[in-house]
There are 2 protein chains.
Amino acid sequence: MSAKLNLDKLDYQIIQEMMEDAEISYADLGKKLFVSGGTIHVRIKKLEELKVVKGKKLSVDLKALGYDVIAFIGVYLEKSSLYDTVAKELKKIPQIVRLNYTTGNYSMFAEIVCKDIQELRYVLHDELQKIKGIERTETFISLEESLDRNVVVLPENC
Amino acid sequence: MSAKLNLDKLDYQIIQEMMEDAEISYADLGKKLFVSGGTIHVRIKKLEELKVVKGKKLSVDLKALGYDVIAFIGVYLEKSSLYDTVAKELKKIPQIVRLNYTTGNYSMFAEIVCKDIQELRYVLHDELQKIKGIERTETFISLEESLDRNVVVLPENC
DNA sequence: ATTGAAAGAGTCTCAGT
DNA sequence: ACTGAGACTCTTTCAAT
């Protein structure tokens, strides 16, 4: 499925280090990995061209901004062939931040971020119920996020 | 729940713009929002001190790196009071990247990233079954991620 | 491919408003 | 609080290896 990439140990080390600290400078990262800053630069450009590294994302504290409710929604479809049309409708709801087509009980799995329970209730009741093709939904409100991290991408090396 | 922050329109605009493009320079962002680069700098430092902005994260294409399997795991606990001890064990499994304590059918909700189905099977069968307190689990393998975006943080303004 | 140095661009500080 | 300019740091390019 995934194309041959031929990444070496240094490539993986760069990705791993930058997943832990995306703001480290090329010079400092070079020191840490015993190569020059120029080499780090060349490798990162290569990884960006290969679309392995997609860029940087701002990390914000949603709770601090007043988004107190994170919830997961399991969606049952009337027919699984309705996935594309239902997905298109769900994407129009700005509170829905993630959507996966899944195996198992639910046809699709959504993640939603809201300011409060009232807003969640509004989206679940007024927005989702309007969408044709959704049989029913099950909502799991997050009471606590205990973990949110990156996968470890170092293989046998290092 | 969330403390009084007193962010103004410019603060929200900066966060919104940087969520869409985390790598824009202060000068360019200033031009876009009709203030100087120095003002953008001051505001971002303030937002970092307030812990609203937590920094930047490297965005990588897991599929390109050979992590072909993303799955969600609903965990049923024998007693919900076992959450902390089970969470501690789950955190030891590097493939588990996210963990939430939830309301609803499941006591907890995990997200897992694996290289292939064999690795997923290994974690589900060999690692999870070892953990005391887990009654059973339900796994939803993602066949397609249709959406992964940030919430829109602009209130009445703009 | 990697290096080191020079050029260019960005961040950070600060005095003035 | 915002600005603009100077100091500093980082990224980017490139000739040499």
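Taking atom NZ of residue B:K31 and atom C1' of nucleotide D:dG4, one finds them 14 Å apart after rounding to whole Å. Atom CD1 of A:I40 is separated from atom P of C:dT3 by 9 Å (rounded to the nearest Å). As a whole-Å value, the separation of B:M18 CE from C:dT11 C1' is 12 Å. Look at CD on A:E48: it is 12 Å from C1' on D:dT12, rounded to the nearest Å. The interatomic distance linking B:F34 (CZ) with D:dT3 (P) rounds to 12 Å, in whole Å. Between B:D21 atom CG and C:dG10 atom P the separation is 12 Å, expressed in whole Å. Rounded to a whole Å, the CG atom of A:L7 is 15 Å from the C1' atom of C:dA1. Rounded to an integer number of Å, the gap from CG of A:L29 to P of D:dT11 is 10 Å.
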Open item on the list: Does the protein touch nucleotides 12-17 of chain C at the base, only the backbone, or not at all? Give it as B, S and - per nucleotide, heavy atoms under 4.0 Å.
Closed with: SB----
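The shortest distance between the side-chain N/O atoms of B:R43 and the OP1/OP2 oxygens of D:dC2 is below 4.0 Å. Not one side-chain nitrogen or oxygen of A:S36 sits closer than 4.0 Å to the OP1 or OP2 atom of C:dT2.
Between A:R98 and B:L147, every side-chain heavy-atom pair lies at or beyond the 4.5 Å cut-off.
Residues A:F109 and B:F109 bring their aromatic ring centres within 6.0 Å. Residues A:Y101 and A:Y83 place their aromatic rings such that the two centres sit under 6.0 Å apart.
A donor and an acceptor atom, one from each side chain of B:N105 and A:E138, are located under 3.5 Å apart.
Annotation: the span from A:I112 atom CD1 to A:I93 atom CD1 amounts to 7.0 Å, rounded to 0.5 Å. Distance check, rounded to the nearest 0.5 Å: CG of A:L120 to CD1 of A:I73 gives 6.5 Å.
B:Q95 places no side-chain N or O within donor-acceptor distance of the main-chain N or O of B:V113, the cut-off being under 3.5 Å.
Among the nucleotides C:dT2, C:dT11, D:dC2, the one closest to the side chain of B:T39 is D:dC2.
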